[in-house]
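Worksheet: one structure, shown below.
Every chain is numbered from 1 and lettered A, B, ... according to where its sequence line falls, protein lines coming before strand lines.
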Number of protein chains: 2
Amino acid sequence: MKSTIKDVARLAGVSFKTVSRVINNEQTVKEESRSKVWKAIKQLDYQPNLSARHLRGAPSSIALIYDNPNSNYIIEMQQGILDQCREKRFELVIHPCDSSSPDIVKELTQIVFHSGVGGLVLTPPLSEMPHVVAKLEEENIKHVRIVSGSSSPDDSSLCVYVDDRAAAHRITQHLVEQGHRKIAFFGGDSAHASSEKRLTGYKEALQANDLEIDEDLILPGHYSFESGAERARHLIDNGKLPTAIFGCNDDIAAGAMFYAQNNGVNVPEQLAIAGFEDNPFSRHTWPRLTTSRQNNNAIAQRAAELLIAEICPGRYDINVMADNGFEPQLVVRDSTAQQASPK
Amino acid sequence: MKSTIKDVARLAGVSFKTVSRVINNEQTVKEESRSKVWKAIKQLDYQPNLSARHLRGAPSSIALIYDNPNSNYIIEMQQGILDQCREKRFELVIHPCDSSSPDIVKELTQIVFHSGVGGLVLTPPLSEMPHVVAKLEEENIKHVRIVSGSSSPDDSSLCVYVDDRAAAHRITQHLVEQGHRKIAFFGGDSAHASSEKRLTGYKEALQANDLEIDEDLILPGHYSFESGAERARHLIDNGKLPTAIFGCNDDIAAGAMFYAQNNGVNVPEQLAIAGFEDNPFSRHTWPRLTTSRQNNNAIAQRAAELLIAEICPGRYDINVMADNGFEPQLVVRDSTAQQASPK
DNA sequence: GTTAATAATGACAACGTTGTCTCGAATAGG
DNA sequence: CCTATTCGAGACAACGTTGTCATTATTAAC
């Protein structure tokens with residue numbers, strides 16, 4: 001059942017080193033031997049033993065490092081990486097961590113030495129912490145970062161970009177087009193660069209439409225339902241209710257919507273609300289939430305592709321045409337339906 | 001930065017084999033050497049290389065195998081297993097799969113040979129497929145199953161039980177106590193044993209209260225929001241609306257609630273709705289959902305503990321007092337508030 | 001005080017793979 | 001036909017651990 005490289009070699013009638021060459025796609029093997037070896041591999045269902053590879057210094061696993069409370073985000077990322085791993089016959093190691101821990105960098109380097117992974121995929125907020133990235137560079141640990149922003153060529157490390165600024169611009173533009181002039185912004189955790197970028201996009205869109213930026217409508221907070229509800233309460237209690245709210249993620253937006261509707265403010269008639277991220281539940285809120293959808297699966301796949309190519313130079317040709325920048329898409333649902341529109 | 005067992009040995013002034021013994025908690029080491037070795041280990045931040053261990057046949061990783069669309073469930077399980085892995089210095093490999101694939105058993109055996117994991121953690125519905133379990137037994141692949149049911153000693157493989165029947169009984173009992181006599185049951189996917197167990201608990205509770213079981217109120221379907229909404233529509237359109245619905249998970253319940261409220265049926269005044277699983281969003285629906293909460297983290301931790309103990313006999317003493325049966329808890333929220341209760 | 005038993009440790013092979021080096025065979029150049 | 005070059009493939013070591021067995025230090029028994 002369990003077959004080794006030597007079993008394959010015996011069956012194919014070559015030395016086990018030749019089998020190794022075939023597997024690793026080296027060029028110095030005659031076509032004849034190559035096909036014999038492949039036939040034997042198929043016949044025996046042979047798969048190279050990962051541990052032995054690692055030991056010899058040829059990694060074939062990567063790690064996903066995360067500190068993110070959003071389980072849906074993580075699952076989508078994970079799935080994307082796994083899709084890529086399956087294709088390249090890599091294994092995935094999962095490592096959640098506490099990004100605020102003082103030992104975080106030590107923890108990361110240890111993972112590499114301990115479990116022999118070839119590289120790390122970093123998600124926000126870890127991917128956006130300079131001291132973490134610097135340490136990885138210094139220790140020469142391969143990694144790819146998923147970050148909020150648009151491509152900037154001065155980045156030394158591999159990056160995949162999600163253009164939060166542009167997406168926030170688009171969603172704000174949508175609200176403006178629905179006739180809104182007073183649009184509040186509910187920010188997310190300040191540790192995430194995404195929150196800042198989304199604020200920038202929001203401001204840009206307002207300016208592009210010659211609307212004034214009202215600092216009283218820009219409320220900091222956290223990426224949570226409770227934080228969204230709390231800020232809605234604040235605005236309603238103080239009689240400063242705008243006609244629209246842009247929540248920095250769907251949890252915030254749902255929280256705000258929940259509070260508003262429970263306190264006599266109808267959505268979207270009196271108050272339009274938009275979210276961000278397209279969490280699955282946002283299709284099931286009432287009304288359904290307008291939001292911004294990013295293809296986390298594709299983003300993660302690309303990140304894994306880049307990382308694996310970096311780990312095994314020359315083994316796989318990378319898709320150079322594919323872009324490392326991703327732009328989320330506007331998803332219009334009921335929570336921002338036009339005020340004048342027929343029910 | 002990267003230190004091996006030999007570095008430790010040199011620093012401690014013993015042979016590297018002695019270090020190995022200390023790490024593996026073998027008894028034949030003098031106390032004096034043992035403390036010297038531990039000191040050196042601490043000083044060098046030494047961590048054994050997993051790949052080398054695997055290679056030599058001492059696995060220190062396990063795999064989580066799943067085919068489950070519920071991302072929250074998976075993340076909670078994953079986190080529980082990781083907590084246990086961290087304690088035992090194990091690594092976790094993630095492997096989603098398609099349980100309906102004809103090659104599923106082959107796929108599982110390959111994971112073991114390929115990546116050298118010591119064993120598998122199986123979640124529903126995979127853990128409840130006899131042909132999968134039988135093959136693993138046959139191939140002598142260590143595994144632990146998380147299954148729906150109560151402990152039955154004739155199980156040959158390691159199991160952790162979640163007593164869905166009892167939990168469903170409790171939730172139905174709660175509905176009866178709220179004064180309901182006509183309670184519909186919205187089932188989940190038939191591939192999951194959990195759905196069947198929950199139905200049994202529902203029926204038991206009705207019988208215990210001398211209530212008739214009305215087969216017209218037992219509706220099969222899927223574990224999804226849409227399926228819940230669809231069945232609510234069916235009941236409402238046919239004028240067969242009961243006074244309460246027990247949805248087999250929170251998605252179903254939320255879907256039913258969504259449809260009911262959008263079609264002039266108030267929850268809980270005209271219709272009480274209870275879910276199952278305590279998905280995070282069920283705290284944020286309106287009204288908030290009564291449901292049944294299972295401690296997936298604890299369940300997964302226990303499963304991992306059992307599996308690791310099985311893989312390394314004698315290395316860790318297992319907590320024999322801890323139970324392998326888990327009973328979900330009733331979480332009463334607003335969606336089943338008593339009809340006569342003051343707003 | 002000698003011998004037998006036991007406790008503690010070390011030497012060495014082995015796990016399955018890849019990198020380095022070497023060697024033979026085939027090819028090309030004169 | 002001989003030599004220089006290139007191509008293909010094998011021998012062997014190495015990676016960092018653990019298992020087996022041999023060896024030494026310690027204790028117990030008489």
Looking at B:I23 and B:R53, what are the two nearest heavy atoms and their distance?
CG2-NH2, 3.3 Å

Measure from the side chain of [X], starting at C-beta and using heavy atoms only, and say which of [options] lies closest.
X	options	answer
B:T4	D:dA9, C:dG16, D:dG16	D:dG16
A:V14	D:dG10, C:dT9, D:dC15	D:dG10
A:K17	D:dT18, C:dG16, C:dT20	C:dT20
A:A58	D:dG8, D:dT18, C:dT18	C:dT18

Would you say D:dT18 has OP1 or OP2 under 4.0 Å from some side-chain N or O of B:S20?
yes

Taking only side-chain nitrogens and oxygens of B:S33, does any of them come within less than 4.0 Å of OP1 or OP2 of C:dT9?
yes

To the nearest Å, how far apart are [X] [atom1] and [N] [atom2]?
X	N	atom1	atom2	answer
A:Q47	C:dG16	CD	P	15 Å
A:R56	C:dT20	CZ	C1'	9 Å
A:D7	C:dG16	CG	P	9 Å
B:K6	D:dT18	NZ	C1'	13 Å
B:E26	C:dG10	CD	C1'	14 Å
A:N24	C:dT17	CG	P	11 Å
B:H54	D:dG16	NE2	C1'	13 Å
B:L55	D:dA14	CG	P	16 Å

Has the side chain of B:R21 got a donor or acceptor atom sitting under 3.5 Å from an opposite partner on the base of D:dG19?
no

Between the base of D:dT17 and the side chain of B:R53, is there a donor and acceptor pair under 3.5 angstrom?
no

Is a donor on one side and an acceptor on the other found under 3.5 Å between the side chain of B:S127 and the backbone of B:I146?
yes

B:H114 side-chain N/O to A:P48 backbone N/O, donor-acceptor pair under 3.5 Å
yes

Are B:S101 and B:D103 linked by a side-chain donor-acceptor pair shorter than 3.5 Å?
no

Would B:K6 and B:F16 count as a cation-pi pair here, with the cationic atom under 6.0 angstrom from the ring centre and within 45° of the axis?
yes

Of B:T18 and B:G57, the one whose closest nucleotide on DNA chain C sits nearer the 5' end is B:T18

Quick check on DNA chain D: between B:F16 and A:K30, whose nearest nucleotide comes earlier from the 5' end?
A:K30

